[in-house]
Amino acid sequence: MKFSCLLSLSTFLLSALSLHAEELTCSHGQLKPPQSGPDSGVRRYAPDCRADLLHLALDVTPDFKNRAVSGRATITFKPVGSPLEELSLDGIDLEVSAVESTAKLQGYQATHDKVILTFEQALAVDSEQTVTITYRATPKDGFYFRTPEQGYREGETQLYTQGETILARNWFPLLDSPNGKLTTEVTCRLPDGMKAWSNGRLLSQEKDAATGLTAWHWKQEKPHSAYLISLVAGQFSVIEDHYKDLPIAFMVPPSDAAMARKSFADTKDMLAFFEQELDYPFPWEKYHQIVVRDFRWGGMENTSISTLSDRILQTGDYETLRSSVSVVGHELAHQWFGNVVTCKDWSTLWLNEGFATYYDALYQEHLYGHEQFLYERLRAADSLTGEQNPRPVVFRKINADGYDQFGALSYQKGSWVLQMLRSELGPDLFRKVIQTYLKRYQFRNVVTENLVSVLEEVTGRSWDRFFDQWIYHGGHPELAVDYAWDEKSGTARVNLSQTQKISDEVLQFHLPVKVRFKGKFGTIDKVFLLEDLAQDFHVALPSAPKIVRIDPDVGLLATIHFSPPRELLNAQLDDDSDPLGRVLAVRQLGEDPRADGVGRLLKILSGDGRWFVRAEAAKALGKIGTGPAFATLGQCLEQADARVRKAVVDALGSDIRDESLDLLLKHLSSEKNPDIRGAILQALSHHPKKSSGAKLVEALESNSLRDHLFGSAVAAMRMSDDPSYAAPLFDAIRKRQGELESQSLGRALAALAYLSRNQTDKNEVFDFLLKQLESPRTPVADGAATALGDLADLRSRPVLITLANRDNEAAKNALNDLAEGVKPAAAIVGLQDEVSKLQKSNSEMKTQLETLTKRMEAVLNRPKK
Ligand SMILES: [Zn+2]
């Protein structure tokens, strides 16, 4: 599963530059758990499987009008271990009307979350049995309708399901846990004009004369886990294609058809890459990718049929800033990792998500080259090592739905663990390990020890320590590096020390650290084994190295503190063969406000051959933050690569001076890329100038893909916290509520409430939000609930409590916000004073810094005596 962000300002940026924003954001309309908060206090384990479920045949008729479903679930199973008296299945609020069984039933009961069948006599071990449950459900989750009655476009009616983690039980009864695999078939009965897709292959499509409905019958022949069962139906545009003999297809809402081909263009190349890399043909009967409306995630890897958010569809306007490659690649990689081999329970989710994340990255290495791949590893490491997270990757104290495992540890750290293994083993041996693991455990459930045993078998080495420190314990090494050259003995000394706080959760690491020396003698690599807290390593070299690089191939998940002397740093900046070295050197320049650094960064920003080195130069100039640095950025706004242009705009946007604002406004008039226009609008939020306010209000009228510019203006208004925006925003919402996408409208409601929270008369906004709570579009209703929390009006409490009692997450959060937000007016006035003071002192500090820089430059440039 891949996450999309429903709240983030930069909604779902898929570019290499913003990969992390996309992967680390949120779901369910709330921030995605960072996997670092408090644990649940309860250790979770995979449930018993007293019955081995062999096959499920599901026959459903959706009721689009009442947003309900009638179904018949036929389950074939065998008791395991001991005779079975009762078959207890998961099922949420299923209205069961009949149960048939091959064994005599004593009775059945359907509770709030179970369907329990009791047999007259205990069923013998291994005796194959079949039960058929007839039921009706009105699912609150896991089964979603998108109909014109709910405000969705005519001719684009949809219904789709989502199983992961434990949502399948909302629309059919089954043992709903990953640790059980079965073959499945889904029949869906639909009116004319609609089609249905499900796992496996289409067996038949037959119209029933009596009902007028067509039965679409799909069958999945190889076993998979319940959470991977999917049904999508409705009105879609279909593009059919094939890869070798494999049928592939893309389904999109008809009004998005023009964007489909470009967005899925790489699918065949990805299939070829994964098949070769894994030495394992695509495992399923077909591969479909279906784009749906208001999907709460970025994508979901249902077996042979991935569901994708409409936000992955791209137009050319975004240039290099957006691409669907990452989501398409991630879900496709899951067809092997997650679907063929499946984590036994959510505690070992990294075996699904870490692998899908890493194999998407490997495909991108194939597509964009090794250097960009290393740069992306570095950026993933940046996001992981920002702070020590003591929680281990394999973790049991999670919530009952396992949802808190879907965070940076399972995805990015899991992926980084594979990067370290591949760095240490080399690509060939690594490939052999993974290929063996995949074949050995195909169509089975896995735990980390299965991978360890294959690693040990294939490499002949013990991997217990590696997994103990990286998977079963938390944190990462923080390395301090000290380097010196001894001319007399002709040796380089490298001192490595581990400075992370060592505890029961974070171990002292045992690490191979590669160090690269470059000089007249060429390139010499040494691998030092760091076993102690601090160690000295000596290397004899033919002459003093010109460049010293620590972990040059980005093979260690660690923070590395190394500041080479300026001479070495300059050589590193000039090293054409090492873009990663240039990135690190550029970052060091960003920490140093000396003028020659700004000059060097200008040279890089205007001429380096790699887009990411140029983008890092822009970021470094923004970090230096002096007048000359911003002036340099201003000179460099014309960049052919949109990723660099956006980096320049972002850096300039951090400046609070009018000069930068004027440059950005001027650029806005000619810039065509919606992402960059959005970034400029957001930068306007901290410029309380008339011209910037007018631009934001103007953008409320704009039309752009997924309301991107409207959303940027709303976000900027919210960030500015300027109540004068409330009135124009309210006008725009009332005027455009019918045409805005659900998520845009939901966020706009929350911003409106936030900006109106200190008004004396909130009646009109309050009444409007109450009405929006009844919206049939869930993201809008959730946005209204969130807004009622932000409005800080105690009249919202009763209605929010009612919704919270119905398990509405948005209402639960809103109640907390409401309690926080209702504060004495005096405190708010006090806060505003504080902010004004801080703004003033910030501006003074900038001036002081510039003066100081000039004085420092004067001292440094003074001729030596
Ligand atoms: Zn995933």
Side-chain angles (χ1 to χ4, degrees), residues 1-6 12 14 19-28 32-35 160-168 178 199 224-230 267 270 274 278 283-284 287-292 295-309 311-312 324-364 376 380 383-384 393-394 398 401-419 434 438 445-446:
M1 182 157 56
K2 191 120 179 175
F3 286 83
S4 71
C5 181
L6 305 183
F12 214 71
L14 302 179
L19 196 68
H20 312 288
E22 170 247 337
E23 286 178 343
L24 289 174
T25 44
C26 47
S27 66
H28 282 252
K32 181 180 169 194
Q35 278 185 274
Y160 59 87
T161 65
Q162 164 70 19
E164 196 171 27
T165 50
I166 52 167
L167 297 177
N199 316 93
H224 63 152
S225 297
Y227 76 90
L228 295 167
I229 296 172
S230 172
T267 305
M270 286 176 189
F274 288 138
L278 301 171
W284 316 105
Y287 190 53
H288 287 174
Q289 298 176 80
I290 308 194
V291 169
V292 299
F295 192 47
R296 294 191 308 207
W297 302 269
M300 175 64 210
E301 68 274 17
N302 305 303
T303 310
S304 79
I305 175 171
S306 290
T307 312
L308 301 169
S309 159
R311 289 176 182 263
I312 78 139
S324 51
V325 166
S326 184
V327 178
V328 171
H330 180 100
E331 306 312 337
L332 183 56
H334 267 310
Q335 298 298 324
W336 288 267
F337 301 108
N339 298 7
V340 173
V341 286
T342 310
C343 63
K344 182 180 173 189
D345 60 39
W346 307 119
S347 74
T348 58
L349 182 69
W350 83 278
L351 294 173
N352 289 11
E353 296 301 346
F355 275 73
T357 304
Y358 194 60
Y359 276 81
D360 156 36
L362 289 183
Y363 174 72
Q364 294 198 45
E376 294 303 346
S383 72
L384 281 167
V393 173
V394 171
I398 53 181
D401 60 10
Y403 210 71
D404 38 350
Q405 273 294 77
F406 287 76
L409 294 182
S410 302
Y411 286 70
Q412 270 73 23
K413 192 170 178 186
S415 158
W416 242 104
V417 165
L418 296 174
Q419 164 72 359
I434 302 301
L438 192 56
N445 289 104
V446 278

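Atoms within a ligand are numbered from 1 in the order they appear, just like the ligands themselves. Side chains included, hydrogens not; waters and symmetry mates left out as well; all remaining heavy atoms used.
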Passing candidate, side-chain contact (heavy atoms from CB on, under 4.5 Å) with Phe337, options Val446, Thr342, Leu278
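By the side-chain contact (heavy atoms from CB on, under 4.5 Å) criterion, Phe337 pairs with just one of Val446, Thr342, Leu278: Leu278.
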Under the rule for ring-ring contact (aromatic ring centres under 6.0 Å, His included), what residues qualify as partners of Phe274, not counting sequence neighbours?
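Phe274: ring-ring contact (aromatic ring centres under 6.0 Å, His included) contacts with Trp336.
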So, taking the atom named CE in Met270 and the one named OH in Tyr359, what distance separates them when rounded to the nearest 0.5 Å?
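If I round to the nearest 0.5 Å, the distance is 15.5 Å.
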Give me each pair satisfying salt bridge (charged side-chain N to carboxylate O under 4.0 Å, His left out) with a member in residues 335-347, each pair once, sequence neighbours excluded.
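Qualifying pairs, neighbours excluded: Asp345-Arg396.
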For the Zn ion (ligand 1), the closest N/O/S atom belonging to His334
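When I compare the N, O and S atoms of His334, NE2 is nearest to the Zn ion (ligand 1).
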May I ask you to check if any N/O/S atom from Glu331 comes under 2.8 Å of the Zn ion (ligand 1)?
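So Glu331 does not count as coordinating the Zn ion (ligand 1).
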I'd like to know if the Zn ion (ligand 1) has an N/O/S atom from Met300 within less than 2.8 Å of it, counting both backbone and side-chain atoms.
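No N, O or S atom of Met300 is closer than 2.8 Å to the Zn ion (ligand 1), so no.
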To 10 degrees, how wide is the angle NE2 (His330) to the Zn ion (ligand 1) to OE1 (Glu353)?
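Vertex the Zn ion (ligand 1), arms to NE2 of His330 and OE1 of Glu353: 100°.
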